[in-house]
S.K.: 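Okay, handing you the structure first.
Just so you know, these numbers come straight off a predicted model, no measurement behind them. Every heavy atom of this structure was used, including side-chain atoms; hydrogens, water molecules and symmetry mates were not. Below, read A as the first sequence line, B as the second, and so on, with proteins coming before strands; counting in each chain starts at 1.
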Protein chains: 2
Amino acid sequence: MSSSVVYHPGDGYLAWQQYRRTPSSNVDQYAGYSHIVAAEPNDAVMGSAVGELSRGLAGMTGKQVSISRIAVNAPCIILGILGTGTAVDEVFSEGVSGTLKAEGYVIRTDSNTANIAIGAVTSAGMLYGVFHLLRIMGTGGSVEHLNIAENPVNQLRMINQWDNMDGSVERGYAGQSIFYEDNRITSNLERIEDYARLLASSGINAIAINNVNVHRVESRLITAFLPDVAKLAAVFRAYAIKLFLSINYASTIEIGGLPTADPLDSAVREWWSAAASEIYSVIPDFGGFLIKADSENRPGPFTYGRDHADGANMLAEALKPHGGIVIWRCFVYNCKQDWRDRTTDRARAAYDHFKQLDGRFMDNVILQVKNGPIDFQVREPVSPLLGAMPQTNQVIEFQIAQEYTGQQRHVCYLVPQWKEILNFDTHLKGEGTTVKRIVDGSVHSNPYSGFAAVSNIGNDTNWTGHLLAQANLYGYGRLAWNPELSSEEIAGEWITLTFGTEKSLYQTLLSILMDSWEIYEAYTAPLGVGFMVNPDHHYGPNVDGYEYSMWGTYHFADCHGIGVDRTSATGTGYTSQYAGLNMALYESLESCPDELLLFFHHVPYTHVLHSGKTVIQHIYDTHFEGAERAARLAAAWELVREQVDEQAYRHVADRLAEQAEHAKEWRDRINTYFLRKSGIADQQGRTIYE
Amino acid sequence: MSSSVVYHPGDGYLAWQQYRRTPSSNVDQYAGYSHIVAAEPNDAVMGSAVGELSRGLAGMTGKQVSISRIAVNAPCIILGILGTGTAVDEVFSEGVSGTLKAEGYVIRTDSNTANIAIGAVTSAGMLYGVFHLLRIMGTGGSVEHLNIAENPVNQLRMINQWDNMDGSVERGYAGQSIFYEDNRITSNLERIEDYARLLASSGINAIAINNVNVHRVESRLITAFLPDVAKLAAVFRAYAIKLFLSINYASTIEIGGLPTADPLDSAVREWWSAAASEIYSVIPDFGGFLIKADSENRPGPFTYGRDHADGANMLAEALKPHGGIVIWRCFVYNCKQDWRDRTTDRARAAYDHFKQLDGRFMDNVILQVKNGPIDFQVREPVSPLLGAMPQTNQVIEFQIAQEYTGQQRHVCYLVPQWKEILNFDTHLKGEGTTVKRIVDGSVHSNPYSGFAAVSNIGNDTNWTGHLLAQANLYGYGRLAWNPELSSEEIAGEWITLTFGTEKSLYQTLLSILMDSWEIYEAYTAPLGVGFMVNPDHHYGPNVDGYEYSMWGTYHFADCHGIGVDRTSATGTGYTSQYAGLNMALYESLESCPDELLLFFHHVPYTHVLHSGKTVIQHIYDTHFEGAERAARLAAAWELVREQVDEQAYRHVADRLAEQAEHAKEWRDRINTYFLRKSGIADQQGRTIYE
């Protein structure tokens with residue numbers, strides 16, 4: 001413990017880029033590295049790589065860093081594009097560049113000179129290599145014998161901002177937008193650049209900068225606001241991040257002056273073609289369009305008797321000549337359902353809408369599929385649409401923003417959830433057809449594939465509202481780069497980079513993060529049933545909050561039992577959307593996993609789970625335990641008070657205290673609801689308000 | 001039927017002041033009255049009286065109306081202040097003026113000359129007399145043998161506008177404010193005058209022109225905005241309506257620059273005294289202040305360890321030298337209740353807060369008490385605070401705005417509800433101590449007493465959103481004038497004045513209005529339990545909408561039963577706030593009236609009502625019947641399509657159709673909720689969604 005060092009994240013702005021004096025037994029190793037060898041940067045990304053390395057080394061060694069074109073003294077850190085005759089070519093064999101993808105890199109320590117060389121085939125790869133080295137040093141790793149070759153597993157590693165130009169953030173829990181205020185694009189490009197640095201350092205390479213719900217003003221991002229969009233694109237470009245825009249499907253009407261948005265209308269197609277040309281004339285490497293159409297009252301091709309493929313292809317055709325792509329969201333369902341209608345099942349909607357369109361989309365269209373069939377609940381099954389369209393590009397959509405998982409007032413480290421989803425075996429092409437192999441494109445050999453996720457940041461100083469929610473942003477990027485990283489590894493990296501290596505602090509934070517999802521699930525909606533939140537803002541318990549609404553999210557609790565029968569035998573038939581083995585797994589009450597039981601089956605409260613408990617006793621037990629465990633998080637944090645600065649300590653302590661209190665409200669409302677409804681007492685006789 | 005005439009209310013703007021060619025067999029009687037005899041008006045109210053009579057006669061006779069100071073030809077209508085040597089003194093005996101209160105009047109037809117004389121002791125009385133005569137003619141009554149003497153039963157007949165200066169109306173269901181827009185007072189005084197005419201014609205004599213929730217901007221109505229307030233006061237003054245302002249209790253801090261609002265602080269008292277003087281220098285007949293303090297997060301004397309009497313007396317002292325009054329609302333309760341806390345009962349709050357303060361208030365303070373202990377529900381008991389403070393002035397507060405009774409999208413004629421409340425026997429001073437005798441001041445001989453009510457108007461062309469909701473505004477004024485008028489009489493007047501005398505139309509409208517409260521109650525919250533509405537906006541069914549909230553409005557439904565035990569024996573003791581006979585009535589499950597059962601008792605679903613039905617079957621039956629009856633209202637209206645103009649027909653038809661549809665939603669949500677919760681099937685096997 002003597003060598004352990006504590007970082008003081010303070011207000012949290014630096015996040016995992018503290019670049020403080022390094023806290024490890026390897027600290028002496030780093031001290032000598034104050035010289036960088038690099039060719040004159042020939043693009044902005046290379047400039048960022050050199051700049052970031054320089055900044056990082058200066059911070060971690062406490063020494064001034066020098067930069068030269070050729071190696072003048074050792075040890076130094078040598079950067080170079082492989083095969084261009086720089087010093088790195090002396091370190092790496094000729095064949096190594098063939099093993100690298102565009103964004104890959106190699107890192108090697110020369111055992112003689114102690115020089116560290118980073119090679120890549122693009123400046124983007126170089127930037128990622130630099131961030132890798134800085135991560136090693138930031139976490140106190142040895143740099144004596146580095147021999148690393150890395151490629152990203154996923155091609156598209158994207159962030160979706162749900163920012164509105166009025167400055168609000170839809171489902172934002174960390175203040176206002178950093179991109180917009182008063183219906184204008186921000187002039188504070190410094191904050192944007194700091195965000196770009198955070199994203200690039202975690203591995204992100206694409207961003208859509210406005211909400212998928214595109215209002216009148218944001219419709220003009222592709223026209224009147226283009227000059228300002230170009231400024232943002234330049235900031236992200238320097239960190240190898242492509243900029244996308246969410247567009248309004250009805251732009252031809254709203255801003256184009258046309259009477260229609262029919263995707264087969266030639267005037268409409270020409271308008272989009274001209275709009276794309278205009279965008280690319282200003283932003284030559286523009287990523288493309290993200291679009292939510294015919295969903296939750298947004299316009300779309302249905303109005304004209306066309307389908308999603310017609311709509312997406314119209315846009316894809318306009319972007320194709322410029323290398324752009326269309327990302328079309330599959331979050332399509334009937335949001336005006338009659339609660340009395342038991343035949344409609346929202347869970348079926350994405351699959352029912354899109355599966356039949358496989359093969360109809362152009363090759364620069366990607367479908368963006370939410371991880372589950374409903375909407376980012378704390379627990380739901382994997383969307384059966386993932387992988388079910390072999391001829392169609394797909395990306396998976398996660399939500400880093402904790403809309404349904406505590407809204408960054410509760411701690412809920414989501415990487416374990418995402419891992420579970422990515423490791424789910426769809427059996428679509430036999431055993432081992434995991435979701436991660438679908439979304440990395442290897443199962444169906446799609447030209448495009450990858451990850452997208454809704455950001456959790458705003459203009460709060462610490463970016464994410466809850467300081468610990470930074471772990472989700474960091475973890476998302478790392479997982480998108482390499483889904484094989486474990487939740488613990490990622491959490492450990494984030495903790496060490498942010499707080500240092502002091503062991504009790506590290507262990508406490510690791511426990512808090514690793515337990516948090518399970519705890520949150522325990523005191524909220526049970527057994528996969530979902531929702532039970534207050535309408536609209538989705539915060540806090542409300543068992544019947546959505547029960548009689550038009551949103552298609554019901555639990556059907558009565559005095560006998562609860563759950564949604566989605567079986568093929570007696571229910572909505574949703575189970576049939578899964579491949580045979582999974583269908584059988586979910587269809588049968590015997591084999592259905594406990595944690596998803598109420599998603600797939602309506603059962604009596606007295607039904608006995610695999611755990612040996614009845615459903616009702618499970619509800620009581622998990623809610624008492626969940627609230628207790630939430631309280632223990634706060635207690636555990638108190639024990640490391642001396643190991644962290646007061647500002648960060650107080651911030652986290654306040655949030656954990658709020659969570660503990662709110663967990664009791666969850667516990668009591670859920671328990672009271674079910675005691676009143678079932679009439680079945682708690683076997684342990686604990687306090688449930690009648 | 002041949003003599004029946006149909007008015008065409010069209011867009012509804014003229015409301016009950018159609019002044020069209022009169023629709024009765026007495027039409028020939030009116031034709032001759034085209035001459036008015038009146039002294040030169042010496043005040044604005046007399047001018048309004050003459051003007052209104054002239055306008056009304058011209059409209060109803062179709063002839064030009066002439067006016068002279070002395071009688072020149074007969075028949076004519078002679079107006080005069082009694083005992084001032086005008087022509088009316090020849091008609092009425094000397095003693096008659098002694099029988100008149102300030103606002104009273106006499107009307108007599110001279111059997112020889114056929115002249116109609118209207119006498120009063122004030123110009124206000126004259127105005128009311130004129131409106132009475134116009135009402136007779138507007139409803140087709142005979143004027144051949146008039147011999148009328150009328151005094152208002154209630155002294156204060158007040159309207160509360162819940163209008164905000166941003167143009168919104170709290171609990172407004174008829175558009176935006178007619179008083180304000182963009183944080184300024186309107187310059188459209190014509191619409192204000194038309195509103196004053198409507199109010200005066202129904203008998204209203206006071207108005208508070210801004211919301212009791214006073215925001216920063218409205219705090220300055222008593223300072224910066226005074227010149228514009230004076231313009232509004234002048235408009236209302238001409239119709240004998242006194243203007244009041246809702247004030248911010250913390251004005252001394254918010255706009256006065258003082259550090260406190262302590263009511264016993266001399267600087268605070270001086271500030272208010274100066275503020276009052278300033279107001280009266282601009283508006284010499286200013287009515288006074290309406291105030292909501294220490295209620296729903298509004299500031300008040302509690303902050304300083306003072307009580308309501310301290311706060312009210314501070315203001316009363318400032319107003320006293322000018323003849324002004326303070327109207328202090330008793331809507332005070334803990335709005336941050338923990339739903340788990342079963343010892344706190346919101347129903348008790350007003351009585352518990354105020355009863356003990358009897359005798360402490362200055363004689364120009366009036367307490368304004370909501371009609372029931374909760375909040376304007378479709379059914380609740382009468383507030384036990386009414387009449388319980390013999391030494392304190394009280395007015396009753398009704399809500400014409402249909403916040404909990406269909407929000408002017410459903411028809412709900414409230415006069416029968418108000419009548420039931422007014423006729424309630426409190427037994428406070430023996431049998432016959434009815435609420436109406438308390439609020440008219442006769443029981444306790446209070447210097448001030450009367451009615452107040454929240455207005456239901458906005459800038460919709462027809463004033464009230466739903467055309468039929470005009471009947472509530474009209475009926476409120478008429479009832480405040482004379483609580484002995486029957487619901488049918490008032491409805492009949494309104495129908496005839498608005499739609500004419502065509503019998504099928506009249507009967508249909510009368511049935512719609514008279515049945516509407518019962519129908520609305522039938523398909524909404526049952527047996528007096530209240531609420532079961534969506535939070536915040538309060539529209540539409542949501543059984544658990546307030547069940548776990550901080551607002552203190554619970555039903556405690558579980559799988560066995562429902563209701564709030566407010567008995568003294570086993571419950572919250574609320575029943576003890578009633579005089580002995582009423583306490584016994586409500587305390588006993590045997591004697592408690594069915595319609596209030598769940599307000600006072602928690603009972604099993606199988607409890608048998610006096611009606612012979614179980615509670616659960618009552619719920620099912622009333623909800624099926626209520627929805628059916630709502631549908632029949634729409635059907636009945638269709639049958640009189642030919643008897644009304646297309647615009648008014650369509651408007652009412654659309655609202656009734658919406659109501660019928662929404663009543664089904666109420667029916668199904670309530671029935672499903674209770675079927676799921678109780679597990680008890682409908683005896684008649686009707687469709688209840690499971």
S.K.: In the structure I gave you, are the side-chain heavy atoms of A:Trp339 and B:Asp668 within less than 4.5 Å of one another anywhere?
M.R.: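 Yes, at least one pair of side-chain atoms sits under 4.5 Å.
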S.K.: Looking at CG of B:Asn542 and CG of A:Asn542, how far apart are the two atoms once the value is rounded to the nearest 0.5 Å?
M.R.: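 So the gap between those two atoms works out to 7.0 Å.
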S.K.: At their closest point, which heavy atom of A:Gly679 faces which heavy atom of B:His560, and how far apart are they?
M.R.: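 Minimum heavy-atom contact is CA-NE2, 4.3 Å.
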S.K.: Heavy-atom distance under 4.5 Å to chain A: side chain of B:Thr672, backbone, both or neither?
M.R.: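 For B:Thr672, heavy atoms of backbone and side chain both lie under 4.5 Å from chain A.
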S.K.: Taking only Lys NZ, Arg NE, NH1 and NH2, and the carboxylate oxygens of Asp or Glu, determine whether A:Arg340 and B:Glu665 approach each other closer than 4.0 Å.
M.R.: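 Counted as a salt bridge, because a side-chain N and a carboxylate O are separated by less than 4.0 Å.
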S.K.: Relative to chain B, which of A:Arg342, A:Arg676, A:Glu547, A:Glu690 shows the most heavy atom pairs under 4.5 Å?
M.R.: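 Heavy-atom pair counts peak at A:Arg676.
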S.K.: State whether the number of non-hydrogen atoms from other residues, nucleotides or ligands found under 6.0 Å of B:Arg184 atom CZ is greater than 12.
M.R.: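 Atom CZ in B:Arg184 is not packed in, count stays at 12 or less.
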S.K.: Please check if the number of heavy atoms outside A:Arg686 that lie under 6.0 Å from its CZ is greater than 12.
M.R.: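 Yes, CZ of A:Arg686 has more than 12 neighbouring heavy atoms, counting only those of other groups under 6.0 Å.
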S.K.: With a 4.5 angstrom heavy-atom cut-off, is it the side chain or the backbone of A:Asp544 that approaches chain B, or both, or neither?
M.R.: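 Contact with chain B: side chain only.
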S.K.: Quick one: CG on A:Leu675 to SG on B:Cys559, what's the gap to the nearest 0.5 Å?
M.R.: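 Rounded to the nearest 0.5 Å, the CG-SG separation comes out at 7.5 Å.
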